[in-house]
A.B. asks: 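My questions will all concern the structure given below.
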Amino acid sequence: MAIQGLFISFEGIDGAGKSTHIDALARAFEAQGRVVTTTREPGGTLLAEKLRAMILGDAMDAMTEALLVFAARRDHLQQVIEPALARAEVVLCDRFTDATFAYQGSGRGFDLKTLLFLERLVQTQQGPAGDFVRNPDLTVWFDLAPDIAAQRLAGTRVPDKFEAQPAAFFQRVSDGYLQRMQAAPNRFARINADQPRESVWRDVLAAFQRQGWLA
Ligand code: TYD
(Lines give C-alpha, C1' and ligand atoms only; values in the text may rest on other atoms or scores of the structure.)
Protein backbone atom coordinates (compact mmCIF):
# COMPACT_ATOMS: atom_id res chain seq x y z
CA MET A 1 0.00 0.00 0.00
CA ALA A 2 1.28 3.49 -0.87
CA ILE A 3 2.48 5.60 2.06
CA GLN A 4 -0.03 8.34 2.83
CA GLY A 5 0.59 11.79 4.25
CA LEU A 6 -0.38 12.22 7.89
CA PHE A 7 -1.57 15.46 9.43
CA ILE A 8 -1.36 15.60 13.22
CA SER A 9 -2.16 18.60 15.41
CA PHE A 10 -1.32 19.21 19.07
CA GLU A 11 -3.52 21.23 21.35
CA GLY A 12 -3.96 22.30 24.94
CA ILE A 13 -3.99 25.40 27.10
CA ASP A 14 -0.73 27.33 27.57
CA GLY A 15 1.52 25.39 29.96
CA ALA A 16 0.07 21.96 29.11
CA GLY A 17 3.49 20.81 27.84
CA LYS A 18 3.12 19.90 24.17
CA SER A 19 6.56 20.80 22.84
CA THR A 20 8.85 18.03 24.08
CA HIS A 21 6.39 15.39 22.90
CA ILE A 22 6.18 16.89 19.41
CA ASP A 23 9.99 16.70 19.12
CA ALA A 24 10.02 13.10 20.38
CA LEU A 25 7.30 12.10 17.90
CA ALA A 26 9.27 13.64 15.04
CA ARG A 27 12.26 11.47 15.99
CA ALA A 28 10.04 8.37 16.33
CA PHE A 29 8.55 8.85 12.85
CA GLU A 30 12.00 9.56 11.36
CA ALA A 31 13.33 6.36 12.94
CA GLN A 32 10.68 4.55 10.90
CA GLY A 33 11.92 6.20 7.72
CA ARG A 34 9.22 8.85 7.43
CA VAL A 35 9.93 12.42 6.38
CA VAL A 36 8.56 14.80 9.02
CA THR A 37 7.58 18.45 8.72
CA THR A 38 7.30 20.06 12.15
CA THR A 39 5.46 23.35 12.15
CA ARG A 40 3.20 25.57 14.22
CA GLU A 41 0.23 27.92 14.24
CA PRO A 42 -0.16 30.74 14.10
CA GLY A 43 2.93 30.67 11.91
CA GLY A 44 4.82 28.20 9.77
CA THR A 45 5.52 30.58 6.85
CA LEU A 46 7.26 33.96 6.63
CA LEU A 47 3.94 35.75 6.26
CA ALA A 48 2.16 33.71 8.93
CA GLU A 49 5.01 34.29 11.41
CA LYS A 50 4.60 38.06 10.88
CA LEU A 51 0.90 37.67 11.58
CA ARG A 52 1.75 35.59 14.66
CA ALA A 53 3.75 38.46 16.14
CA MET A 54 0.69 40.73 15.76
CA ILE A 55 -1.78 38.15 17.05
CA LEU A 56 0.26 37.39 20.18
CA GLY A 57 1.51 40.92 20.77
CA ASP A 58 -1.07 43.50 19.74
CA ALA A 59 -4.43 44.34 21.27
CA MET A 60 -7.32 43.84 18.82
CA ASP A 61 -10.95 42.85 18.90
CA ALA A 62 -11.95 39.21 18.72
CA MET A 63 -13.09 39.34 15.10
CA THR A 64 -9.84 40.91 13.90
CA GLU A 65 -7.95 38.24 15.82
CA ALA A 66 -10.02 35.42 14.28
CA LEU A 67 -9.54 36.82 10.76
CA LEU A 68 -5.77 37.17 11.20
CA VAL A 69 -5.51 33.64 12.60
CA PHE A 70 -7.38 32.24 9.61
CA ALA A 71 -5.36 34.37 7.16
CA ALA A 72 -2.18 32.92 8.66
CA ARG A 73 -3.72 29.45 8.44
CA ARG A 74 -4.58 29.84 4.77
CA ASP A 75 -1.01 30.78 3.88
CA HIS A 76 0.37 27.96 6.02
CA LEU A 77 -1.95 25.39 4.44
CA GLN A 78 -1.20 26.44 0.88
CA GLN A 79 2.55 26.92 1.28
CA VAL A 80 3.54 24.21 3.73
CA ILE A 81 0.90 21.71 4.90
CA GLU A 82 -0.76 20.70 1.62
CA PRO A 83 2.55 20.36 -0.29
CA ALA A 84 4.03 18.24 2.54
CA LEU A 85 0.97 15.97 2.60
CA ALA A 86 1.14 15.66 -1.18
CA ARG A 87 4.71 14.39 -0.72
CA ALA A 88 3.32 11.82 1.78
CA GLU A 89 5.16 13.41 4.70
CA VAL A 90 4.13 13.41 8.35
CA VAL A 91 3.06 16.93 9.33
CA LEU A 92 3.28 17.62 13.07
CA CYS A 93 1.54 20.92 13.70
CA ASP A 94 1.72 22.66 17.08
CA ARG A 95 -1.91 23.93 17.21
CA PHE A 96 -4.47 24.21 14.40
CA THR A 97 -8.13 25.23 14.08
CA ASP A 98 -9.27 23.69 17.37
CA ALA A 99 -7.18 26.43 19.03
CA THR A 100 -9.22 29.07 17.22
CA PHE A 101 -12.48 27.55 18.48
CA ALA A 102 -11.00 27.25 21.98
CA TYR A 103 -9.22 30.66 22.25
CA GLN A 104 -11.13 33.05 19.95
CA GLY A 105 -14.46 31.20 20.25
CA SER A 106 -14.78 29.88 23.76
CA GLY A 107 -12.10 32.05 25.42
CA ARG A 108 -12.80 35.42 23.77
CA GLY A 109 -16.48 34.78 23.03
CA PHE A 110 -16.32 35.21 19.23
CA ASP A 111 -19.26 33.74 17.29
CA LEU A 112 -18.83 30.00 16.70
CA LYS A 113 -20.99 29.95 13.55
CA THR A 114 -18.68 32.47 11.92
CA LEU A 115 -15.68 30.35 12.92
CA LEU A 116 -17.33 27.31 11.30
CA PHE A 117 -17.86 29.36 8.14
CA LEU A 118 -14.21 30.51 8.14
CA GLU A 119 -13.00 26.97 8.78
CA ARG A 120 -14.86 25.77 5.71
CA LEU A 121 -13.78 28.73 3.59
CA VAL A 122 -10.08 28.54 4.48
CA GLN A 123 -9.59 24.78 4.72
CA THR A 124 -11.52 23.59 1.66
CA GLN A 125 -9.20 21.77 -0.71
CA GLN A 126 -9.69 20.03 -4.02
CA GLY A 127 -9.15 16.29 -3.95
CA PRO A 128 -9.51 13.61 -6.64
CA ALA A 129 -12.99 12.78 -5.27
CA GLY A 130 -14.06 16.44 -5.05
CA ASP A 131 -13.80 19.23 -2.49
CA PHE A 132 -13.17 18.44 1.16
CA VAL A 133 -12.39 20.41 4.32
CA ARG A 134 -8.80 19.73 5.42
CA ASN A 135 -8.56 18.79 9.08
CA PRO A 136 -6.00 16.80 11.03
CA ASP A 137 -6.08 13.00 10.86
CA LEU A 138 -5.45 13.04 14.60
CA THR A 139 -5.48 15.79 17.22
CA VAL A 140 -3.56 15.14 20.41
CA TRP A 141 -5.15 17.19 23.20
CA PHE A 142 -2.95 17.69 26.26
CA ASP A 143 -5.63 18.13 28.88
CA LEU A 144 -4.48 19.91 32.04
CA ALA A 145 -6.38 21.86 34.70
CA PRO A 146 -5.84 25.62 34.29
CA ASP A 147 -4.45 26.11 37.82
CA ILE A 148 -1.76 23.46 37.27
CA ALA A 149 -0.86 24.88 33.84
CA ALA A 150 -0.54 28.35 35.41
CA GLN A 151 1.80 26.98 38.09
CA ARG A 152 3.97 25.36 35.42
CA LEU A 153 4.20 28.61 33.42
CA ALA A 154 4.80 30.88 36.39
CA GLY A 155 8.20 32.54 36.21
CA THR A 156 9.41 30.56 33.17
CA ARG A 157 9.13 33.44 30.67
CA VAL A 158 7.53 36.79 29.96
CA PRO A 159 3.87 35.96 29.24
CA ASP A 160 2.43 36.85 25.80
CA LYS A 161 -1.09 38.27 25.34
CA PHE A 162 -2.81 34.93 25.90
CA GLU A 163 -0.53 33.61 28.63
CA ALA A 164 -1.31 36.76 30.63
CA GLN A 165 -5.04 35.91 30.71
CA PRO A 166 -6.73 35.00 34.02
CA ALA A 167 -7.63 31.45 35.08
CA ALA A 168 -11.29 31.90 34.05
CA PHE A 169 -10.17 32.47 30.44
CA PHE A 170 -8.24 29.19 30.39
CA GLN A 171 -11.19 27.34 31.90
CA ARG A 172 -13.29 28.56 28.97
CA VAL A 173 -10.51 27.57 26.50
CA SER A 174 -10.44 24.12 28.07
CA ASP A 175 -14.23 23.84 27.77
CA GLY A 176 -13.86 24.86 24.13
CA TYR A 177 -11.46 21.99 23.46
CA LEU A 178 -13.88 19.59 25.12
CA GLN A 179 -16.71 20.77 22.85
CA ARG A 180 -14.54 20.31 19.75
CA MET A 181 -13.65 16.81 20.90
CA GLN A 182 -17.29 15.96 21.48
CA ALA A 183 -18.11 17.15 17.96
CA ALA A 184 -15.42 14.89 16.39
CA PRO A 185 -14.52 12.22 18.98
CA ASN A 186 -12.73 9.93 16.50
CA ARG A 187 -10.26 12.64 15.54
CA PHE A 188 -9.12 13.28 19.11
CA ALA A 189 -6.69 11.56 21.48
CA ARG A 190 -7.22 13.15 24.89
CA ILE A 191 -4.09 12.85 27.02
CA ASN A 192 -4.07 13.40 30.77
CA ALA A 193 -1.20 15.92 31.00
CA ASP A 194 -1.27 15.94 34.82
CA GLN A 195 1.31 13.14 35.06
CA PRO A 196 5.10 12.90 35.02
CA ARG A 197 6.52 13.58 31.55
CA GLU A 198 7.41 9.90 30.91
CA SER A 199 3.83 8.82 31.65
CA VAL A 200 2.45 11.49 29.32
CA TRP A 201 4.87 10.29 26.62
CA ARG A 202 3.77 6.66 27.14
CA ASP A 203 0.14 7.72 26.59
CA VAL A 204 1.02 9.81 23.53
CA LEU A 205 2.95 6.94 21.98
CA ALA A 206 0.08 4.53 22.74
CA ALA A 207 -2.32 6.78 20.81
CA PHE A 208 -0.08 6.53 17.71
CA GLN A 209 0.38 2.78 18.14
CA ARG A 210 -3.40 2.31 18.31
CA GLN A 211 -3.63 4.01 14.91
CA GLY A 212 -0.94 1.68 13.56
CA TRP A 213 1.30 4.67 12.75
CA LEU A 214 4.17 3.85 15.10
CA ALA A 215 5.56 0.50 16.20
P1 TYD B 1 1.90 28.42 21.83
O2 TYD B 1 1.44 27.45 20.83
O3 TYD B 1 1.64 28.10 23.25
O4 TYD B 1 3.41 28.71 21.53
P5 TYD B 1 4.54 29.05 22.58
O6 TYD B 1 4.81 27.75 23.26
O7 TYD B 1 5.65 29.53 21.70
O8 TYD B 1 3.96 30.11 23.48
O9 TYD B 1 1.33 29.91 21.59
C10 TYD B 1 0.43 30.21 20.65
C11 TYD B 1 -0.65 31.07 21.28
O12 TYD B 1 -1.57 31.45 20.28
C13 TYD B 1 -1.43 30.34 22.35
O14 TYD B 1 -1.62 31.20 23.47
C15 TYD B 1 -2.77 30.10 21.71
C16 TYD B 1 -2.89 31.18 20.68
N17 TYD B 1 -3.69 30.79 19.51
C18 TYD B 1 -4.93 31.35 19.33
O19 TYD B 1 -5.39 32.15 20.15
N20 TYD B 1 -5.69 30.99 18.24
C21 TYD B 1 -5.24 30.10 17.32
O22 TYD B 1 -5.95 29.79 16.34
C23 TYD B 1 -3.93 29.52 17.51
C24 TYD B 1 -3.40 28.56 16.51
C25 TYD B 1 -3.20 29.90 18.63
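Remember, predicted model here, so these are calculated numbers, not experimental data. Whatever order the structure lists them in is the order used to number ligands and atoms, beginning at 1.
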A.B. asks: At what distance is the nearest protein heavy atom to atom 20 (N) of ligand 1, and which residue and atom is it?
C.D. replies: Gln104 OE1, 2.8 Å
A.B. asks: So which protein heavy atom does atom 17 (N) of ligand 1 come closest to, and at what separation?
C.D. replies: Pro42 CD, 4.3 Å
A.B. asks: Is there a donor-acceptor contact under 3.5 Å from the side chain of Gln123 to the main chain of Arg134?
C.D. replies: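 Yes, because the side chain of Gln123 sits within donor-acceptor range (under 3.5 Å) of the backbone of Arg134.
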A.B. asks: Any atom of ligand 1 sitting under 4.0 Å from a heavy atom of Arg157?
C.D. replies: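 The answer is yes: ligand 1 sits under 4.0 Å from a heavy atom of Arg157.
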A.B. asks: Side chains of Glu82 and Gln126: is there a donor and an acceptor less than 3.5 Å apart?
C.D. replies: no
A.B. asks: Tell me whether Glu163 has any N or O atom under 3.5 angstrom from an N or O of ligand 1.
C.D. replies: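 Yes: some nitrogen or oxygen of Glu163 is under 3.5 Å from one in ligand 1.
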A.B. asks: Counting each atom of ligand 1 from 1 as listed, which ones have a heavy atom of Leu56 under 4.0 Å away?
C.D. replies: 11 (C), 12 (O)
A.B. asks: If we only consider heavy atoms of Arg73, is any one of them less than 4.0 Å away from an atom in ligand 1?
C.D. replies: yes
A.B. asks: Among protein heavy atoms, which sits nearest to atom 5 (P) of ligand 1, and what does the distance come to when rounded to 0.1 Å?
C.D. replies: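 Ranked first by proximity to atom 5 (P) of ligand 1 is Arg52 NH2, 3.8 Å.
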A.B. asks: How far apart are the closest heavy atoms of Val122 and Arg74, and which atoms are they?
C.D. replies: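 Smallest heavy-atom distance, with atoms named: O-NH1, 2.9 Å.
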A.B. asks: Considering the heavy atoms of Asp14, write down every atom of ligand 1 situated less than 4.0 Å from one of them.
C.D. replies: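 It comes down to these atoms of ligand 1: 3 (O), 13 (C), 14 (O).
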A.B. asks: Can you list the ligand 1 atoms lying under 4.0 Å from a non-hydrogen atom of Val69?
C.D. replies: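 Within the 4.0 Å cut-off of Val69, ligand 1 contributes 21 (C), 22 (O).
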A.B. asks: Nearest 0.5 Å, what's the CZ-OG1 distance between Phe96 and Thr39?
C.D. replies: 10.5 Å
A.B. asks: Is a side-chain N or O of Gln211 found less than 3.5 angstrom from the main chain of Phe208, in a donor-acceptor match?
C.D. replies: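 Side chain of Gln211 to backbone of Phe208, a donor-acceptor pair under 3.5 Å: no, none is there.
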A.B. asks: Measuring from the heavy atoms of Lys18, does anything fall under 4.0 Å of ligand 1?
C.D. replies: yes
A.B. asks: Answer yes when Arg34 and Glu89 have at least one side-chain N-carboxylate O distance shorter than 4.0 Å, and no when they do not.
C.D. replies: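 Looking at Glu89 together with Arg34, the answer is no, because their closest N to O distance does not fall below 4.0 Å.
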A.B. asks: For Asp14, is there an ion pair with Arg157 - N to carboxylate O distance below 4.0 angstrom?
C.D. replies: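 A salt bridge is absent here (no side-chain N lies under 4.0 Å from a carboxylate O).
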A.B. asks: Test your reading of the structure: does Arg95 have an N or O sitting under 3.5 Å from an N or O of ligand 1?
C.D. replies: yes
A.B. asks: Just by distance, do the side chain of Asp143 and the backbone of Asn192 share a donor-acceptor pair under 3.5 Å?
C.D. replies: no
A.B. asks: Go through ligand 1 atom by atom and flag the ones less than 4.0 Å from a non-hydrogen atom of Glu41.
C.D. replies: 24 (C)
A.B. asks: Which residue holds the protein heavy atom closest to atom 22 (O) of ligand 1, what is that atom called, and what is the gap in Å?
C.D. replies: Thr100 OG1, 2.6 Å
A.B. asks: Check this for me: does any side-chain nitrogen of one of Lys161 and Glu65 sit under 4.0 Å from a carboxylate oxygen of the other?
C.D. replies: yes
